[in-house]
Each structure stands twice: as structure tokens, then as C-alpha cells.
Amino acid sequence: MTATLGGWRRSHTCGELRAAHVGQTVTLMGWAFRRRDHGGLIFVDLRDREGLTQCVFNPATSGEAHSTAQDVRSEFVLAVQGTVQRRPPGTENPKLPTGDVEIQVSRLKILNESKPLPFPLEEEAAVDEAVRLKYRYLDMRRPQVLRNFVIRDRICRAVRDYLHGQGFLEVETPFLTRSTPEGARDFLVPSRLSRGHFYALPQSPQLFKQLLMVGGFERYFQIVRCFRDEDLRKDRQPEFTQIDIETSFLDRDEFLPIVEGMLVEVFKRVGGIDLPVPFPRLAYDEAIARFGSDKPDLRYGLELSECSDLFTAAPFQTFAQVVAAGGAVKGLRVPGGGGMSRKELDDLVEAAKSAGAKGLVWVKVNPDGLQSPVARFLEPLKLGLLGRLAAGPGDLLLLVGDQMPLAAMVLGRLRQDIAQRLTLVPPQEFRVCWVLDFPLVEWSEEERRWDAVHHPFTAPRDEDLPLLDTDPGSARAKAYDLVINGQEAAGGSIRIHQPAVQEKMFKLLGIAPQEARARFGFLLEALEFGAPPMGGIAAGLDRLVALLAGEESIREVIAFPKTQKGTCPLTDAPAPVDPGQLKDLGIRLAEEP
RNA sequence: GGGGUCGUGGUGCAGCCUGGUUAGCACACUGGACUGUCAAUCCAGAGGUCGCGGGUUCAAAUCCCGUCGACCCCGCCA
């Protein structure tokens, strides 16, 4: 190092020099971002993590430095020594924080050269993501990419500071663990020492954090990697990071404010945003009824209306039958949507069908009456309908009749599309809410059994405990989701801490006692040794960072993300392995089918 | 597993629908000129298996089939 640097020491970063530094002799190190060669005079914008500083190479100052600067190309690594001087009047650059000054370079050292780059680092340059990821180490030199990781770092620090202040212990849990049934597909790791046996990478530290509570740690958190072998999306990676939290002796209403405090701290420190507390709370049923979603976006209105009663005895047989069969008719008013073309309406109908609806009734409210494929059935209901939906001329009404919650969820999906199309979504705004009282279980038609909505360790609400025997589908869980701008940002629950209840839950889910013992025996046993009441939450760190960074995809806030097929363009993982490695593991690959 | 968009010098795109000049433009790159630029400017130049394979045709970047890859969506993600 010393040899290369020749005793030079960096005195300042490229982001900090101001008019107050004029006259000082400084040493800067960084990358040549841009070079402007005027023949007699050469300008180089030197870039490091903190910013840009213009360096001037004048033969009158140093002929040697000037001639070396002629060889400088993009992304050469440079060390410069020189004097900070005020730029000549009229040549200041207001776009740069350092734009009032420049370095009159007396000595230049090229620390390393660079080949021409495979893509430009200019901010405005659009580059294919696959190319960016293959050369991610170059991509991150772009200030707008770096910025996302600064935000990520600050969020993590705010989380740690806050939780430590609240008495939480940061504890690590194993990555090599055992496969859990249910949930996502596991990533498996073959064991060499126990041939034929496999570890699984954790989908979350769920069981371990409960064991930490049995262990008396009382308040635990971890910023931890989780692994799920499922298909990817712009907000889903095979490995992602959670802020994982668990507490003892707290009921839901004592725990949620702790999480609110964490979010307040993060948004305040990182975004300068004041989130009002307490966060609004919506029961699951209410969220579905009003917004057609269990993760409602509260940044805009477009609430759904309950219209079932209007159709009980109506001439519109289709809906009357739906209501008679215990279903519901839900309505959505699209303000000013009366001008939509036939094609746009057809697209809405298509979208409704692909969301699972049998159909979609649209109604244009014209000054002279209703216009709709079923207008003649609706005309008698006109006043009731317009009143219920608060609709007037120029509006479009969308109606779906089906079983709940499907009817509402179909409109909930259209609600999002329409908000986008009508640009009702305010930018730079954050609306946070809790969704509570989720159903404990839901009936799985294909498996012919009850499935846990959250996970099998989630406690039912105390008053709903008897329902486990009589009407499991109506039992509500002590589960909660934190929703920000229509995205699930965190989810958690109060856990079952009594073995008898846990066994009852397994039974309900069709997990036989011996099967439960085989899979979760260690947890069941732990619950028998004085497990405290406990509950917690897991927040998706990547999504939180993306939200605060204003990025669509979490790939933008992960240093080395995977493509949609789960590959890494930089390392070419996953890759075949040496046959000897497979032999050690006792693994033979099956022939291709 | 299914649907959609895209794939053309290093990068970003046009050309494709309606097959036929030497595949065009911008940026980057190379050489030259230039002492106040900051997306420097001006002059000159080099750089292409049109993702891959097959088919149709006198002729394919262009039409057809297959395949691979990237992205978006549905399913999936307790």
C-alpha cells in the first residue's frame, strides 16, 4: 500500500471542499469520472463516495501533472495533490456542492488504470439490468445506486439504535437448520457427516425466536437473511432480509406500539418524515369490505360500497340469486369514469374475470339515464344505486356479485388499477395502517382440510378459542400485518404458548400427533417447560428500503441480487459442482427426463 | 406450470408490419485540434455471427417454427 501511495495520505473527500478551504494544500483520491481536455488545460472531475471535485491541470502549475493527465481515462484511479482555489468568477458550477472551488493540481499519481467501461455511469443512462448486475461493482459507483445503500445502512442503524434502547438483545440463529413442513419450498443443503440427511436454510427464524423466549431472553431482534425457494417478483428474492422481533409478556396492544415506535424512528431519521401514531387499525373484515384487500392502500379513496340489500328482490336475477345464496354485491364508483371507451371497459371486465369474478357489471351514469349492458334491469334501482355509491353524471359504476370475500377482492384489484390510471396515487406520501383480526384458518378445497392463514403457532383470540371445536372458519387470530401504501411491510402474531392449545391447533390442521412430534417435537417439548406468553413480528427490510428509496424493485436495494430465474449474472451461480463433491455427499444426479 | 413484452457494434435505440442499396442514429471508444470547461466543442476514424437453431424464399435483421436469456404479471410465496 505504502509503496503505491508513496506516502500520500488522503486529506479530504471529494465531497467536502468549500470556499472556506481556499488556499489549503490537499490530497484527494478517487476515480476519474469525466475528463475535459482543452489541450492547454485539462479538467478532471474526481469522484469518491462523498462527491465530485473538479481538478484543473495547468501546464503553468505543473507540466508533469498536465502531461500525465493526458493519459487519464474514465474510471482511472487517481491521487492528486494541489491547492484549493476559488473558481474564476462566472465558472462556478451551482450543480455541485463543491462547485465554488477547484483543485489546482501540482502532483498527479495514477494509482490504477481502467479498461473502457461496458456501460456508461452517467445518471441518465438507461442500461439493461442484466448488464448492470453482471458488472454490479461498476453499477454501484453510480451515485444514485450508492444512495440506496446509504439509506439501507441508515435504516438498519435506526432499527438497531431504537430496539437496543427498548431493551432488545440482538441474537443470531442458525442458517443450517431442519426443513419445516408447510409454507414455502425450502432450500436444502446436503449433509456430508450425516449421509442422506439434509439441512434446510430457514424461511424465517420463527421457531428459534420462540425458543429464545422460552429461554428467557424476553426481547430479541435480528436483522436476518431468510430463504424461500419460490418464484421471484420485483419484490421477492430467494434470499431476503427481515427485521425479526420477538417479545415475552406482552399482549398485542402493548406490542404494536413498540413496532410503531420503530417505524416512526426509521421514517424520521432516514426520510425526515413524521408518521402519526398510533397507526390506524383495520379489522381484516373491514379492510376487505372497504378496500377489497387485506393490504389496503390508504393513499387514495375509491372505497367499495355494500350493495347487496339493493338487489335482494330486484329484477336483476343474476345478483338476486347471488345474494340469496349468501353472497354479496359490491360496488365501486369511478369518478369521471363515464368517458371510458368500450375497449377500456372490456379490459376492466377481462381484469375482473382474471381476478376470479364470473363477470363485471359496468354502468355509465349519463345525464339522461344509465347506460349499461343490463341497464333495463338496473333502471328501477337507479336512485338507490346512485345514492349508495354517491354517484352523479359522468361517473362509472362497477358492480360485482359473488361470494365474499371474492366479490370485494375483485373490485379491490380494479381499485388499484383505476387509481393508477386516474393518477390518484400521491407521490412521496406514506400511509401506514395495521390490519388485525385475520381469520385463524381457512379451508383448503384441494387439500380438504384447514390451513393456517398465518402459521400454525399463531394464537386464536381468547374469546374465539371455543370456536376451534365448533366453527374454526370464524375464529380470529391474534395476528397483525403492517401495511404501508398497499404493501405488506411486516407481519406477526401473538404465539400459542400452551402445549394443549398448540396440540389442538395441529389437530385442526390435520397434523397427526406423531407427525407434529416428529417435525416440531422440540418446540412442543419447550412449551412444556414454562414458556412465557410471547409474540413478535417480522418486517421486510428490503421492501422498507425500497419504499424509502422510492425504488420499484427490491433488486435496487440489494447489493448482489438474483435474476428472476434465481441466477446471479456476476458469479454465474448456481453452477454445476465437481463430481468429487457430490460423491462426498453421497449424491448422484438423476438422468434428465 | 401459464400469459405478455423485449433481444440489432461497448451502451441506448431505429429499421421488421409491407423480405431486395454498403443495416442507420446518438452516446461511448481511438487519433488529431483547442487555456475556463463541467453531458466541453470541432475534425477524422475504427467497431456488427441483427441471441441461437431450423424452415419458407432467387433473396431473411425482416415471414414461420423451435430454443435460450432478461423483465412484468397469474399461479406459488404458512
Side-chain angles (χ1 to χ4, degrees), chain A residues 33-47 52-61 66 70 73-75 85 87-96 98-99 102 104 114-135 138-139 180-186 203-204 206-207 226-238 240 350-351 353-356 413 417 438 440-442 444 446-447 450-458 477 479 488 491-493 505 509 511 520 538 540 552-553 555 562-567 569:
Chain A
F33 188 52
R34 256 190 282 266
R35 174 172 156 279
R36 295 176 293 280
D37 187 346
H38 287 241
L41 207 57
I42 297 172
F43 300 93
V44 171
D45 292 332
L46 195 67
R47 186 200 68 242
L52 284 181
T53 297
Q54 174 165 283
C55 301
V56 189
F57 297 86
N58 191 330
T61 308
H66 177 265
Q70 288 179 325
R73 293 293 181 272
S74 273
E75 298 305 305
Q85 65 180 25
R87 294 199 192 183
T91 65
E92 301 89 353
N93 186 348
K95 285 187 268 180
L96 289 181
T98 60
E102 63 192 8
Q104 189 70 42
S114 172
K115 296 202 294 185
L117 263 41
F119 60 90
L121 299 189
E122 267 80 23
E123 186 159 357
E124 55 287 340
V127 182
D128 186 79
E129 203 180 335
V131 178
R132 290 177 53 206
L133 293 186
K134 174 163 183 179
Y135 299 97
L138 298 179
D139 189 42
T180 53
E182 294 205 70
R185 201 174 290 112
D186 284 317
Q203 297 175 23
S204 80
Q206 182 61 38
L207 298 174
C226 302
F227 306 87
R228 294 180 189 177
D229 189 5
E230 296 292 346
D231 287 356
L232 310 183
R233 290 282 191 286
K234 63 181 172 182
D235 61 348
R236 289 187 347 215
Q237 283 273 298
F240 61 99
E350 263 326 294
K353 282 182 178 166
S354 74
R413 196 170 282 189
D417 296 346
F438 282 83
L440 183 68
V441 292
E442 66 188 346
S444 165
E446 49 189 277
E447 310 249 4
W450 295 99
D451 251 345
V453 169
H454 191 57
H455 57 55
F457 318 108
T458 296
E488 184 188 332
S493 64
M505 188 67 189
L509 298 176
I511 303 175
F520 310 111
E552 276 281 304
S553 164
R555 292 189 299 270
K562 309 249 182 320
T563 68
Q564 203 171 46
K565 284 231 167 70
T567 63

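Every chain is numbered from 1, with letters handed out A, B, ... down the list of sequences. Only this structure's heavy atoms are used, side chains among them; waters, hydrogens and symmetry mates stay out.
Rounded to whole Å, the C1' atom of U57(B) lies 35 Å from the corresponding atom of U11(B). G48(B) and G1(B): their P atoms are spaced 38 Å apart (whole Å). Separating the P atom of G4(B) from that of A59(B) is a span of 32 Å, rounded to the nearest Å. Atom C1' of C68(B) sits at a distance of 7 Å from the matching atom of C52(B), rounded to the whole Å. The gap from the C1' atom of C27(B) to that of A14(B) amounts to 15 Å, rounded to the nearest Å.
Under the stacking criterion of a centre-to-centre distance below 5.5 angstrom and an interplanar angle below 30°, Phe43(A) sits stacked against the six-membered ring of U37(B).
Pair assignment for G69(B) gives C6(B), based on Watson-Crick or G-U wobble hydrogen-bonding distances that are each under 3.5 Å. Pair assignment for A26(B): U11(B), on the basis of Watson-Crick or G-U wobble contacts that are both within less than 3.5 Å. Across every strand in view, U57(B) sits unpaired, with no contact that passes the Watson-Crick or G-U test at under 3.5 angstrom.
When rounded to the nearest whole Å, the span between NZ of Lys134(A) and C1' of G7(B) equals 16 Å. Rounding to whole angstrom units, CG of residue Leu138(A) and C1' of G10(B) are separated by 12 Å.
Relative orientation of the Phe520(A) and Phe457(A) rings is perpendicular, given thresholds of 30° and 60° on the angle between their planes.
With 3.5 Å as the limit, one finds a donor-acceptor pair spanning the side chains of Gln203(A) and Asp186(A).
A close approach under 4.0 Å does occur between a side-chain nitrogen or oxygen of Arg36(A) and OP1 or OP2 of A40(B).
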Enumerate the protein-to-nucleotides 23-30 of chain B contacts in which both atoms are nitrogen or oxygen and the separation is below 3.5 Å.
from, atom 1, to, atom 2, distance (Å)
U30(B), OP1, Arg73(A), NE, 3.2

Mind listing the N/O atom pairs, protein and nucleotides 32-35 of chain B, below 3.5 Å?
from, atom 1, to, atom 2, distance (Å)
C34(B), N3, Asp37(A), O, 3.2
C34(B), N3, Gly39(A), N, 3.3
C34(B), N4, Gly39(A), N, 3.4
U35(B), OP2, His38(A), O, 3.3
U35(B), OP2, Gly40(A), N, 2.9

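In this view, Arg87(A) satisfies the salt bridge (charged side-chain N to carboxylate O under 4.0 Å, His left out) rule with no residue, not counting sequence neighbours. Listed by chain and number, the residues in a side chain to side chain donor-acceptor pair (under 3.5 Å) with Asp417(A) amount to none (sequence neighbours excluded). For Glu230(A), the salt bridge (charged side-chain N to carboxylate O under 4.0 Å, His left out) criterion is met by Arg185(A), not counting sequence neighbours. Residues forming a salt bridge (charged side-chain N to carboxylate O under 4.0 Å, His left out) with Glu123(A) (at least two apart in sequence, or on another chain): none. Scored by the salt bridge (charged side-chain N to carboxylate O under 4.0 Å, His left out) test, Asp229(A) finds no partners at all (sequence neighbours excluded). Take Arg34(A) and apply the side chain to side chain donor-acceptor pair (under 3.5 Å) test, not counting sequence neighbours, and it matches Glu122(A). For Glu129(A), the side chain to side chain donor-acceptor pair (under 3.5 Å) criterion is met by Arg555(A), not counting sequence neighbours. Legend: residues meeting side chain to side chain donor-acceptor pair (under 3.5 Å) with Arg236(A), ordered by chain and number and at least two apart, are absent. Listed by chain and number, the residues in a side chain to side chain contact (heavy atoms under 4.5 Å, CB included) with Pro89(A) amount to none (sequence neighbours excluded).
Within 4.0 Å of Pro118(A), counting heavy atoms only, lie sugar-phosphate atoms of the nucleic acid but no base atom. Here Glu102(A) lies in heavy-atom contact (under 4.0 Å) with a base. Counting non-hydrogen atoms under 4.0 angstrom, Glu92(A) reaches a base of the nucleic acid.
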Taking protein heavy atoms under 4.0 Å as touching, what does nucleotides 68-75 of chain B look like 5' to 3' if B marks base contact, S marks sugar-phosphate-only contact and - marks none? -SSBBSBB
